[in-house]
Amino acid sequence: MRELTPETITDAVLEQMATTSDPRLKEIMAAAVKHLHDFAREVNLTPGEWIKGIEFMTLVGKMCTPARQEFILLSDTLGLSALVNGLHDKTALEEGTHTSLLGPFYREASPRLSAGSQIARHVKPGSECVLYGRVTDIKDKPLANATVSVWQTSADGLYDIQENPTATDYRGVFTTDAEGLYVVRTVRPCGYSIPMDGPVGNMVKAQARHGMRPAHIHFLVGSPGYRELVTALYLRDDPHLADDVVFGSSDDLAVDIVPDDPQSPVKGVPSIRFDLRLSREGEADRTSGRVGSDPSAILKEAAPAAH
Ligand SMILES: [Fe+2]
């Protein structure tokens, strides 16, 4: 038996894992081990620090419920979700609207609504706005019957599932018309803090970060034959447009609320126009490009099968 040292342990682990039959699993795990070991060597990780790290990840897992996904929040606040999104974008056949984070508050069970429906149950006076735009391919050909799913926070900066895990509000699924047009009535989105009452919030506080996301509305757009688009619009005048705590915002996704846009399909209400361009579907789109999930779906998948 050879003697293992901090210098030789990495090769010993890689050697033992070399029997992995799935080549992609083998590649991912070998790289993960190499980088984890390099990380420990680089910072000269102490036993107490590593236990603290394990305690932290244990708390992150315990915080997860069908309505809250603390691990997605961790991935988001470390920039890993944005990085994986960016890598996925590079595999698109064509350059459409850029993607942004799905985030931890997406929900598959959203109501299907007719064009122009209001997605908020309560609309405070003066807060209503119209959200509209065209869904096209990258050559501006309108995509009829495309599915446009939107979700956002209330005026208090909370998603429906944060207020009540069984409530549905501030979200809906719309369909484009023959011109590729979608029309949604909603309320002005506001910037909000990510949940700061859990381990990820404690990490963000320890780093003296503000924890804020700029005002945004999430989109998930689909049309047969085209790459599913996960994106969001961001309000240009938000003070946190440039320092989003989850690295989702970007200038090309920034929009204005226009008080009297003559092209708006609904007159007399401030409007946001957000056009969406989809790339044709390619080889890389056989698996989902969503970095994130409905929190309840993740727990369902993680639960042992019933017998
Ligand atoms: Fe969000």
Side-chain angles (χ1 to χ4, degrees), residues 81-103 106-108 110-117 119 129-152 171-186 189 216-236 241 247-258 261-266 271-294:
S81 301
L83 169 60
V84 175
N85 254 338
L87 293 171
H88 180 68
D89 274 3
K90 285 187 171 189
T91 65
L93 276 189
E94 300 165 326
E95 192 176 350
T97 300
H98 287 172
T99 61
S100 189
L101 304 179
L102 188 81
Y106 169 65
R107 202 174 192 183
E108 282 170 16
S110 288
R112 284 204 160 259
L113 301 173
S114 57
S117 296
I119 59 171
C129 68
V130 170
L131 171 61
Y132 79 101
R134 285 175 73 232
V135 179
T136 65
D137 71 2
I138 64 146
K139 290 181 179 149
D140 215 32
K141 184 185 98 183
L143 298 179
N145 295 317
T147 303
V148 179
S149 184
V150 296
W151 65 105
Q152 66 174 83
R171 62 179 79 228
V173 184
F174 293 79
T175 308
T176 56
D177 68 11
E179 302 303 314
L181 186 75
Y182 71 90
V183 185
V184 179
R185 276 177 187 253
T186 182
H216 61 277
I217 299 176
H218 293 275
F219 282 78
L220 181 67
V221 187
S223 182
Y226 291 85
R227 164 175 279 212
E228 181 182 75
L229 174 65
V230 180
T231 192
L233 63 77
Y234 294 87
L235 294 192
R236 203 184 313 277
L241 186 66
F247 310 96
S249 60
S250 61
D251 284 340
D252 60 299
L253 299 175
V255 296
D256 299 297
I257 296 187
V258 179
D261 172 4
Q263 292 187 332
S264 171
V266 181
S271 61
I272 299 172
R273 179 172 182 157
F274 191 54
D275 293 332
L276 299 143
R277 286 149 60 91
L278 305 191
S279 158
R280 277 176 300 135
E281 198 169 40
E283 195 61 25
D285 300 309
R286 292 203 174 165
T287 56
S288 171
R290 298 180 192 178
V291 183
S293 177
D294 181 333

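Predicted model, so just to flag it, every value in this text is computed and none were measured. Excluded from the calculations below are hydrogen atoms, water molecules and symmetry mates; all remaining heavy atoms, backbone and side chain alike, are included.
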So do [Y] and [X] actually touch side chain to side chain, heavy atoms under 4.5 Å?
{"X": "Val230", "Y": "Asn85", "value": "no"}
{"X": "Leu220", "Y": "Trp151", "value": "yes"}
{"X": "Leu233", "Y": "Leu131", "value": "yes"}
{"X": "Cys129", "Y": "Ile272", "value": "yes"}
{"X": "Leu235", "Y": "Val255", "value": "yes"}
{"X": "Leu101", "Y": "Tyr106", "value": "no"}
{"X": "Ser100", "Y": "Leu253", "value": "yes"}
{"X": "Val150", "Y": "Thr186", "value": "no"}

Taking the side chain from [X] and the backbone from [Y], do they hold a donor-acceptor pair closer than 3.5 Å?
{"X": "Thr176", "Y": "Asn145", "answer": "yes"}
{"X": "Thr136", "Y": "Arg277", "answer": "no"}
{"X": "Asp137", "Y": "Lys139", "answer": "yes"}

Heavy-atom pair with the smallest gap, counting every atom of [X] and [Y]:
{"X": "Ser264", "Y": "Val130", "answer": "OG-CG1, 4.2 Å"}
{"X": "Leu278", "Y": "Ser223", "answer": "CD1-CB, 3.9 Å"}
{"X": "Arg134", "Y": "Arg273", "answer": "CD-NH2, 3.9 Å"}
{"X": "His216", "Y": "Pro189", "answer": "O-CB, 3.5 Å"}
{"X": "Tyr234", "Y": "Leu241", "answer": "CB-CD1, 3.6 Å"}
{"X": "Ala146", "Y": "Val135", "answer": "CB-CG1, 4.0 Å"}

Roughly how far, to the nearest 0.5 Å, is the [atom2] atom of [Y] from the [atom1] atom of [X]?
{"X": "Ser149", "Y": "Arg107", "atom1": "OG", "atom2": "CZ", "value": "12.0 Å"}
{"X": "Ser110", "Y": "Phe174", "atom1": "OG", "atom2": "CZ", "value": "10.0 Å"}
{"X": "Asp251", "Y": "His98", "atom1": "CG", "atom2": "NE2", "value": "12.0 Å"}
{"X": "Leu276", "Y": "Thr97", "atom1": "CG", "atom2": "OG1", "value": "5.0 Å"}
{"X": "Leu143", "Y": "Leu181", "atom1": "CG", "atom2": "CG", "value": "12.5 Å"}
{"X": "Ile138", "Y": "Tyr226", "atom1": "CD1", "atom2": "OH", "value": "9.5 Å"}

side-chain hydrogen bond (donor to acceptor under 3.5 Å, both in side chains) involving Glu94 - partner list, sequence neighbours excluded: Arg280
Sequence-distant partners of Asp252, salt bridge (charged side-chain N to carboxylate O under 4.0 Å, His left out), two or more places apart: none
Partners passing salt bridge (charged side-chain N to carboxylate O under 4.0 Å, His left out) against Arg112 (at least two apart in sequence or in another chain): none
Do Glu228 and Glu281 pass the side-chain contact (heavy atoms from CB on, under 4.5 Å) test, and can you show the C-alpha distance, the side-chain angles, and the key distance before you say yes or no? CA-CA 8 Å; Glu228 181 182 75; Glu281 198 169 40; over 6 Å; no
Describe, in one word, how the ring planes of Phe274 and Phe219 are oriented to each other, choosing from parallel (under 30°), tilted (30 to 60°) and perpendicular (over 60°). tilted
